[in-house]
Amino acid sequence: MTVVTLNGEQRELHEPATVEAAVLATGAPDGRGVAVAVDGEVVPRGKWATTQVREGQQVEVLHAVQGGA
Amino acid sequence: MTVVTLNGEQRELHEPATVEAAVLATGAPDGRGVAVAVDGEVVPRGKWATTQVREGQQVEVLHAVQGGA
Amino acid sequence: MTVVTLNGEQRELHEPATVEAAVLATGAPDGRGVAVAVDGEVVPRGKWATTQVREGQQVEVLHAVQGGA
Amino acid sequence: MTVVTLNGEQRELHEPATVEAAVLATGAPDGRGVAVAVDGEVVPRGKWATTQVREGQQVEVLHAVQGGA
Amino acid sequence: MSDIFEIAGRALESRLILGTGGFRNLQVMAAAARESGAELATVAMRRVDPSARGSIVEVLEEAGLEVLPNTAGCFTAREAVTTAKLARDALGTDWVKLEVIGDDRTLLPDPAELLVAAEELVADGFTVLPYTSDDPILARRLEDAGCPAVMPLGSPIGSGMGINNPYNLRLIVEQAGVPVILDAGVGTASDAALAMEAGCDAVLLASAISRAADPVAMARAMRKAIEAGHEARAAGRIPRRLYAQASSPEEGLAELEGGAPAAPERARSGS
Amino acid sequence: MSDIFEIAGRALESRLILGTGGFRNLQVMAAAARESGAELATVAMRRVDPSARGSIVEVLEEAGLEVLPNTAGCFTAREAVTTAKLARDALGTDWVKLEVIGDDRTLLPDPAELLVAAEELVADGFTVLPYTSDDPILARRLEDAGCPAVMPLGSPIGSGMGINNPYNLRLIVEQAGVPVILDAGVGTASDAALAMEAGCDAVLLASAISRAADPVAMARAMRKAIEAGHEARAAGRIPRRLYAQASSPEEGLAELEGGAPAAPERARSGS
Amino acid sequence: MSDIFEIAGRALESRLILGTGGFRNLQVMAAAARESGAELATVAMRRVDPSARGSIVEVLEEAGLEVLPNTAGCFTAREAVTTAKLARDALGTDWVKLEVIGDDRTLLPDPAELLVAAEELVADGFTVLPYTSDDPILARRLEDAGCPAVMPLGSPIGSGMGINNPYNLRLIVEQAGVPVILDAGVGTASDAALAMEAGCDAVLLASAISRAADPVAMARAMRKAIEAGHEARAAGRIPRRLYAQASSPEEGLAELEGGAPAAPERARSGS
Amino acid sequence: MSDIFEIAGRALESRLILGTGGFRNLQVMAAAARESGAELATVAMRRVDPSARGSIVEVLEEAGLEVLPNTAGCFTAREAVTTAKLARDALGTDWVKLEVIGDDRTLLPDPAELLVAAEELVADGFTVLPYTSDDPILARRLEDAGCPAVMPLGSPIGSGMGINNPYNLRLIVEQAGVPVILDAGVGTASDAALAMEAGCDAVLLASAISRAADPVAMARAMRKAIEAGHEARAAGRIPRRLYAQASSPEEGLAELEGGAPAAPERARSGS
């Protein structure tokens, strides 16, 4: 188990704790329209499956919403 | 007795019901700084003593106050 | 001959010097869209033929033009 | 002789070509109210006498004037 | 500001009234008139000029506009009343745009003469549309006198300064029981939109269109601007607020600093 | 102000860009978007919310608009740069509307952080459209940094105050070698027309439409206002003049006094 | 704007005229009056109230001010004329500040009634100072009627909005052959300065002083502001220019870059 | 706005700071300086000119003013920093009015270069008074950088346009923890009064005085205007209200119609 901060909340990820697993854990239906940053660095879609997230890292999974001028 | 409207109120004036009597009835200490209109016509100070007011006339006794731009 | 001021100019009108004659003298093709004032008084279309203009009168024959807000 | 650009003009300075010499060469009566930069670096008053200026250097001798908001 | 625009019981589709002064020629006038969508166009009464080519009345009617005579050039109630009667006789209409000018440099209306002329003409059965100053009291007196609309100015005729006193215009609109038509002063599209947003029912435009470099293009622009201002008022604009209102959600903001430096904290602390 | 409106070589028909913040829901947004005629709509990047219904990207694409991600909510260059990169990865576009906010009460941009972020993103191949203050020098620095357009504010986001400093906007337009897009502050139609008359190439509208009582009607009004302002500028407005210019012929005036009294003479004598 | 300020041949030192309405009591009024430097103060005519303590006339005279009766509260020419006659009989002055109000919400003057009252009072030998709108034509008619000064408003009495239509005020000043006294609307010092810079000969102030948090301090501020505006006009202000004018010498600039980088060159190249 | 005006712990009596650019000669400058009451006057640094007669420093000191060097004419942080150091060496003061210009046509400040220069000079122990734009965020960044006052512009140097964006000035004043000194743009007395009413602590004036037709008279007018604006703010101005507020008592009104006709009733009924 790896504990990370996923979109601001403490979450446990089962091994292998990849970015892809983190994305699924957010409940994003599929990855379309979604992007990920780990500790403030973007992890390109192509590397989700092969990028491990480590204990205590900050994972942000974002998508487009209404907003802004 | 003559009943007139003095500064908007029904007032009885003893005979002789002159403008001068009306002015006194308003409680104006003396006539200084005061002017009078009867039924919308000015009665000059000099004619107060000799001008009779008739039953039902409208007597206005005015003086200067704070006001206006 | 009757001399009048027609639209600001001295003009001689042959007898009978009617308003109608004055209108024609202005070169207005026909009376359509035209109105007449003699000495500042309007002479209705219906009375042109029967209204005489007298020596020295001021006859104005107007029509609509571009102008104004 | 050392040739420098003194306040924008080519000037020859006799040896020893010090900053002090340059200041005098500008015709500044005395050094009061004056400051000097050589190649964009300030040379404090205290070092004028001991600072040599080298061939081709840009010497600026400034003082306060009317100006600016 | 109702969505039916009626003057004296007569419904109008267009909220743009065209003044015909200043056009190079009748052809340009007609083209601009069509583009503007106007249904009414003002005309002046002048001495017959045999040399003049073409009848403005016919040209306007071909373009589908009706003629509204004005009393431009009159400096007294008497001149204006007589001119109105001449127009009625010449053009067969008892509608008149009443102008009584008080000064030939500013062409501002003369309040007292205007009121007298309006009362006389109303008594004589005219439908009187008075060109007035932006004085709210005068506008009410004209309405009291029986004018079925009031036409306050934004600024002097042909000045292109726009609306010099929006506050007075607002008072006029608030109090008016008849349509308010902005007359004179409009320089460009935003001025016309502003007038409609202020609650005017229509705008009269002459020089702003006729003297523009391209009158036909300006006519189209003005038509859109008047519709835009009228629709914007109906759509309910946002209030003016002193500070910003975020239009982006505050929740769901990512933490992307990876260790926030002082800068953003300071910034967020606001003032 | 040319009549082809291009950003970074991409031609746009519509001069209205839609901000999506503040709409009650996606349906209203889509209806207003259609009515506005916009081709581009900005979106913000936020944390995935599984409960959220409907994808804004799909709704906008159905309505025929393309998505332009913004960096709303970012207070530092670093946050903004990362957000832009996330948007590129999520949405497959290297266009970004760059916002770096300096204060959460006024949401005014931070000039220094903005410039840094713009330089970084341009270097990384982004097409950067920066939301900037109305400072003409900052606008030029952003253009010098490689931004293919600049987006000065009229007044704070959502304030509806309109254009607080028309003079600065004018300077920006005069000096700009890239399109100028007014961003933020518009409250109603005349504000948008004014921006176009000042020479802006386009206007970005969010709250003015989304928070109007009737967003769809306001979208239509704004579309007309922007066209009106743009066409009015092209049509060549009349100059502002201090005094009136008669729009009626001075010649051909009738003499209707039948003996002119003092009044009109006095009047005509002017001042 | 001459430097001697005379009304009807009477020279005045102070260009501030005080309105007495709105002061908490006569003591505050007297203190503010002294601080203001005013020589004239307006008073209203009302029914005798025996309970009232102190005579405003005596208090003003002690403070060295002369009384100028007004016709505040009158809505018709007839009321105003009678009130002026009563004031003459009560106070022994044939000067009157003429007010004929057209609406009790805005207290704006009624142009037609005002003109009638002015003509009657002038005929009766009064020195008539009319409170008028900012309509330049009405101002001229009042001058033509024999008023030795005109008192246009900046905005409604007590509104504190300042000068709503500086353009009209400018026209009034340009054309007037008598002193122009701004009356009503001033809110703070800069409004009063602005009026004097526009060429007014004096300013009448009531609420702006009497209802300020500290009337005495405001009286002092207004006195200075009126002097400042008057002196600034006489001193000849710099013209407004669209671009900057360097106030530092361009010659004698040092070369301090030690090899100028691109930045300053770009900057200097301007736009 | 406190009533003690202190910059970096140094108390100043006068809220007028004089810029010395634009005076015909040192004699006129000295006379205006005395009349203005200023205690500080800015000077520029330029190449020694042996032909120049008279030392500005001596003339100012005789007139009782202290010299505040500026960096007028600098287009980069580097030029400005070096100029400040030269001024310190020449004049023995570590105070500097920092100007870093971004464009030679508008002389507007360059925000990024200005911030860099301010940080460097503060680090070097200078008391930095930065000439800045009216951008509230930039003003805060300068305060954060350690500037003991900020000097936002009203409009470009020498333009005489006054305060182009009162809203931004208001934001700067609201948020500032240090004195705010309006710098540049003032044209006449009311502009200076307005700045003080907006809450500025002082005003810097150069062209407005030095290029006036009568600089000495304008100096006196400006001194009064600044005091007037400052005192008016302290005195608590009346609020702006949309409608009038009668300044005459409603009670005690006489009935003078002798049978009231319709007119006044209609009038009183208001709208």
Side chain, backbone, both or neither: which part of G:L86 has an atom under 4.5 Å from a heavy atom of chain H?
side chain

Which bit of H:T83 is near chain G, if near means a heavy-atom gap under 4.5 Å: side chain, backbone, both or neither?
both

Of the listed residues (H:A208, H:G185, H:G236, H:P215), which shares the most heavy-atom pairs with chain G below a 4.5 Å separation?
H:G236

Heavy-atom proximity to chain G below 4.5 Å, by part of H:V81:
neither

In terms of heavy-atom pairs under 4.5 Å with chain G, which of H:A212, H:G162, H:A217, H:G19 leads?
H:A212

Of the backbone (N, CA, C, O) and the side chain (C-beta and beyond), which part of H:R220 lies under 4.5 Å from a heavy atom of chain G, both, or neither?
both

What part of H:I209 gets closer than 4.5 Å to chain G, counting heavy atoms only: side chain, backbone, both or neither?
neither

Out of curiosity, G:E231 CD to H:T188 OG1, how far, rounded to the nearest 0.5 Å?
11.0 Å

Quick check on the interface: out of G:A189, G:S155, G:P156, who has the most heavy-atom pairs with chain H under 4.5 Å?
G:A189

Would you say the side chains of H:E197 and G:S190 form a donor-acceptor pair under 3.5 Å?
yes

How close do G:M218 and H:R237 get, heavy atom to heavy atom, and via which atoms?
CE-CA, 3.7 Å

Give the member of H:A225, H:P239, H:A221 that has the highest number of heavy-atom pairs under 4.5 Å with chain G.
H:A221

Rounded to the nearest 0.5 Å, the OG1 atom of H:T76 sits from the CG atom of H:D110 at a distance of 9.5 Å

Taking every non-hydrogen pair under 4.5 Å, which of G:I226, G:D191, G:T106 racks up the most with chain H?
G:T106

Spacing of OG1 belonging to G:T82 relative to CD belonging to G:E120, to within rounding of 0.5 Å:
8.5 Å

Any chance you could measure G:M196, atom CE, to G:L194, atom CG, to the nearest 0.5 Å?
11.5 Å

Closest approach of H:L253 and G:A72, non-hydrogen atoms and distance?
CD2-O, 4.5 Å

Turns out that what part of G:V186 lies under 4.5 Å from chain H's heavy atoms comes down to backbone

Side chain of G:R47, backbone of H:G252: donor and acceptor closer than 3.5 Å?
no

Donor-acceptor check, side chain of H:T132 to backbone of H:M151, threshold 3.5 angstrom: yes or no?
no

Name the member of G:A192, G:S159, G:A254 that forms the most heavy-atom pairs with chain H at distances under 4.5 Å.
G:S159

Which one, G:A44, G:G187, G:A184, leads in non-hydrogen pairs under 4.5 Å with chain H?
G:G187

